[in-house]
Every structure is written in structure tokens, then in C-alpha cells.
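Okay, structure first, notes after.
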Amino acid sequence: MTHILLINPNTSTATTQMMVDIARAYFATVMRVPPTVTGATAMRGAPMIVDEQDLAVAAEAVNHPQIVALAAQADGVIVGAFGDPGIDALQTRLEVPVVGIGATSVREAGAGGRPFGIATTTPLLAASIAANVRKLGLGETFTGARFTTGDPLALGDVPSQLEASLAGAVQACIQEDGAQAVVIGGGPLGEAAQALCERFSVPVIGPVPAACRALLQAMHLGEAA
């Protein structure tokens with residue numbers, strides 16, 4: 001059976017399990033024989049990546065020998081942090097497809113020149129987010145990022161508040177910035193993204209399902225396979 005490894009670059013095992021559950025649910029809805037999805041959690045770093053230092057530590061954690069060894073046994077790999085930390089180095093180490101939730105969700109949002117925004121909780125990563133969008137060649141259609149207020153970790157501990165705050169950020173992307181699609185920018189925001197997908201008149205893109213779709217394409221597996 002096909003095996004997919006989802007690497008969580010932060011240290012929260014709860015976040016790992018949540019993203020694995022989202023991936024499993026997605027594959028189960030689009031494939032007759034869904035792949036096995038397992039998770040690997042960073043052994044050092046932060047419980048949530050909120051600034052550039054966390055992102056740098058996460059890049060090293062993703063390429064820890066134990067995680068690389070696990071990834072080498074999989075048929076495909078997802079890096080489950082919006083900054084896609086360590087993905088370039090990991091791709092050079094592996095012979096299997098490796099995708100990140102950041103690049104895949106942004107590419108999906110901006111497909112066909114569609115204006116898109118990003119709603120997330122980490123304002124200290126604003127410059128990094130914008131740089132990654134430009135790196136993908138989508139800077140001209142990026143309408144900007146909107147951020148929730150307050151401590152991202154504290155907000156994440158109250159799912160109803162997280163969803164409400166992100167909904168406000170999505171609304172600002174649409175009404176004030178003119179976005180025609182909005183990415184929810186963060187692995188730990190996966191459940192909130194699921195809840196928000198049906199609430200708006202434009203596509204709201206969850207990063208984990210976007211990565212699943214991209215990985216299926218990279219592995220040449222049809223969604224009805």
C-alpha cells in the first residue's frame with residue numbers, strides 16, 4: 001500500500017495528529033484505496049512556528065537524520081508548515097516526491113492569475129510569507145496577508161476564537177484587498193481552515209488538502225485510483 005509521511009516541523013504532537021487526520025480524511029474521499037498516512041514530529045524547536053528563528057530551527061529539525069530515514073521509507077512526503085522549512089534540502093536527500101503545504105496552497109490559490117490573499121496568525125512572519133510568494137512568481141497577483149491579533153499560541157488554544165479571528169482576516173482579504181481566493185496560512189490552522197471553507201463566496205484553501213492534491217499529482221496517482 002502507498003505510504004505518505006507528513007512531517008510536522010513544530011514540536012506539537014497534537015498538531016501532527018490533526019494534520020494527519022485531515023490528510024487521511026481527504027484521501028478517503030477522493031480515492032478508492034487511500035494511502036496510509038503517518039506523522040513525524042520535530043524533535044526540537046517550538047510548538048508553533050511564529051517567527052524567523054522558529055522557522056530556521058524547524059528547517060534543521062525537518063532534516064534530522066531520524067526524520068530523513070523515515071521519509072526515505074515513504075512513497076511521498078508532506079512538509080506541514082506554511083514556510084515549508086527545510087524542504088529544499090529534504091528534496092535533495094530523497095528520491096520520492098516531497099511537497100510543502102505553503103507552496104502548494106499558494107500555487108493553487110493563484111492558479112490562472114487569480115488574485116489571492118493569505119489569512120494567518122503570525123505577523124512576525126509577514127516578510128517571509130511575502131518573500132515565499134514572490135519566489136513562486138506570484139507576487140503580482142498576491143493581494144497581501146491579513147493577520148489575526150494577539151498571541152498566536154494563546155489563540156490556537158481556543159478553537160472557536162481562532163476560527164472567528166481567521167474569518168475576520170479572510171473577510172478583510174476579500175472585501176478590502178480584492179482577493180478572489182484566500183489561503184489559510186499554517187499547519188496548526190488546519191481544522192479552522194476546514195471550518196472556513198464553506199463560509200465565503202470565494203475559495204478558502206486549506207493548506208493540508210492542497211498539499212495532498214499536489215502530492216497525488218507528483219506521485220501520478222489519480223484521485224479516483
Side-chain angles (χ1 to χ4, degrees), residues 6-12 14-16 18-20 22-23 26 39-42 45-63 77-91 98-110 116-136 138-139 142-148 151-153 155-156 162-163 165-166 169-170 173 179 181-197 203-215:
L6 190 151
I7 301 171
N8 177 15
N10 72 48
T11 61
S12 169
T15 296
T16 305
M18 178 263 289
M19 291 192 290
V20 166
I22 291 172
Y26 174 80
T41 306
M48 185 177 184
I49 298 168
V50 300
D51 58 28
E52 297 288 349
Q53 182 177 351
D54 292 343
L55 202 59
V57 173
E60 295 179 1
V62 163
N63 286 277
V77 177
I78 296 171
V79 176
F82 196 63
D84 297 339
I87 193 168
D88 292 340
L90 190 62
Q91 287 170 332
V98 181
V99 302
I101 64 171
T104 57
S105 57
V106 166
R107 284 195 182 102
E108 185 173 308
F116 71 96
I118 295 171
T120 188
T121 62
T122 51
L124 295 177
L125 288 171
S128 176
I129 290 170
N132 285 340
V133 169
R134 291 193 299 271
K135 182 179 177 182
L136 294 170
L138 295 170
F142 179 44
T143 62
R146 291 283 181 163
F147 299 93
T148 58
D151 176 42
L153 281 167
L155 188 61
L162 175 62
E163 183 181 332
S165 296
L166 282 170
V170 172
C173 285
V182 181
V183 176
I184 303 299
L189 313 181
E191 285 184 340
Q194 299 286 96
L196 293 169
C197 282
V204 175
I205 297 170
V208 175
C212 292
R213 287 187 283 272
L215 189 57

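Worth knowing before you read on, the calculation uses all heavy atoms, side chains too, and leaves out hydrogens, waters and symmetry mates. Sequential numbering from 1 along the given sequence is applied to the chain's residues.
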> Under the side-chain contact (heavy atoms from CB on, under 4.5 Å) criterion, do Phe82 and Ile118 qualify, and how do the steps go?
Replying inline: CA-CA 11 Å; Phe82 196 63; Ile118 295 171; 3.9 Å; yes
>> Please determine whether salt bridge (Lys or Arg N to Asp or Glu O under 4.0 Å) holds for the pair Asp84 and Arg107, giving the CA-CA distance in whole Å, both sets of side-chain angles, and the decisive distance to 0.1 Å.
In response: CA-CA 13 Å; Asp84 297 339; Arg107 284 195 182 102; over 6 Å; no
>> Walk me through whether Val106 and Asn132 qualify under side-chain contact (heavy atoms from CB on, under 4.5 Å).
In response: CA-CA 9 Å; Val106 166; Asn132 285 340; over 6 Å; no
> Checking side-chain contact (heavy atoms from CB on, under 4.5 Å) for the pair Val62/Ile87: CA distance, chi angles, key distance, verdict?
Replying inline: CA-CA 8 Å; Val62 163; Ile87 193 168; over 6 Å; no
>> Set out, in order, the CA-CA distance, both residues' side-chain angles and the distance that settles side-chain contact (heavy atoms from CB on, under 4.5 Å) for Ile205 and Val182, then state yes or no.
In response: CA-CA 6 Å; Ile205 297 170; Val182 181; over 6 Å; no
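To the nearest 0.5 Å, atom CE of residue Met19 and atom SG of residue Cys212 are 11.0 Å apart. Summarising the geometry, atom CD1 belonging to Ile49 is positioned 13.0 Å from atom CG belonging to Leu124; distances are rounded to the nearest 0.5 Å. For the atom pair CD (Glu191) and CG (Leu196), the distance works out to 12.0 Å, reported to the nearest 0.5 Å. Atoms CG and OG1, on Leu189 and Thr120 in that order, are 5.0 Å from each other to the nearest 0.5 Å. For the atom pair CG (Leu136) and CZ (Phe142), the distance works out to 11.0 Å, reported to the nearest 0.5 Å. Atom CG of Asn10 and atom OG1 of Thr15 lie 5.0 Å apart (nearest 0.5 Å).
A donor-acceptor distance shorter than 3.5 angstrom exists from the side chain of Ser105 to the backbone of Gly102, with no hydrogens or angles considered. Listed for the Thr122 side chain is no donor-acceptor partner under 3.5 Å among the backbone atoms of Val50. Side chain of Gln91 to main chain of Val98: a donor-acceptor pair is present (N/O by atom type, distance under 3.5 Å, no hydrogens or angles). Put simply, the side chain of Thr11 never gets that close to the backbone of Ala42: no donor and acceptor are under 3.5 Å apart. Between the side chain of Asp54 and the backbone N or O of Ala46, no donor-acceptor pair lies under 3.5 Å. Counting only distance, with no hydrogens or angles, the side chain of Thr16 and the backbone of Ser12 share a donor-acceptor pair below 3.5 Å.
By the neighbour-count criterion of 12 heavy atoms within 6.0 Å, atom CD of Glu108 is densely surrounded, having more than that number from other residues, nucleotides or ligands. The number of heavy-atom neighbours closer than 6.0 Å to CD of Glu52, taken from other residues, nucleotides and ligands shown, is above 12.
Summarising the geometry of Pro188 relative to Met48, their closest heavy-atom pair is CG-CG, 4.2 Å, with the distance given to 0.1 Å. Of all non-hydrogen atoms in Ala181 and Ala109, the two that sit nearest each other are CB-O, 3.9 Å. Across all their heavy atoms, Ala169 and Ala119 have their closest contact at CB-CB, 3.8 Å. Contact detail for Pro47 and Leu153: the closest heavy-atom pair is CG-CD2, 4.2 Å. Taking all atoms of both residues into account, the shortest heavy-atom contact from Ala126 to Phe147 is CB-CZ, 3.6 Å. Closest heavy-atom contact between Ala23 and Leu6: CB-CD1, 4.4 Å.
Side-chain contact between Leu90 and Val77 is present, with heavy atoms from C-beta onward closer than 4.5 Å. You'll find the side chain of Leu155 stays beyond 4.5 Å of the side chain of Leu166, heavy atoms only.
Side-chain polar atoms of Thr121 and Thr148 form no donor-acceptor pair below 3.5 angstrom.
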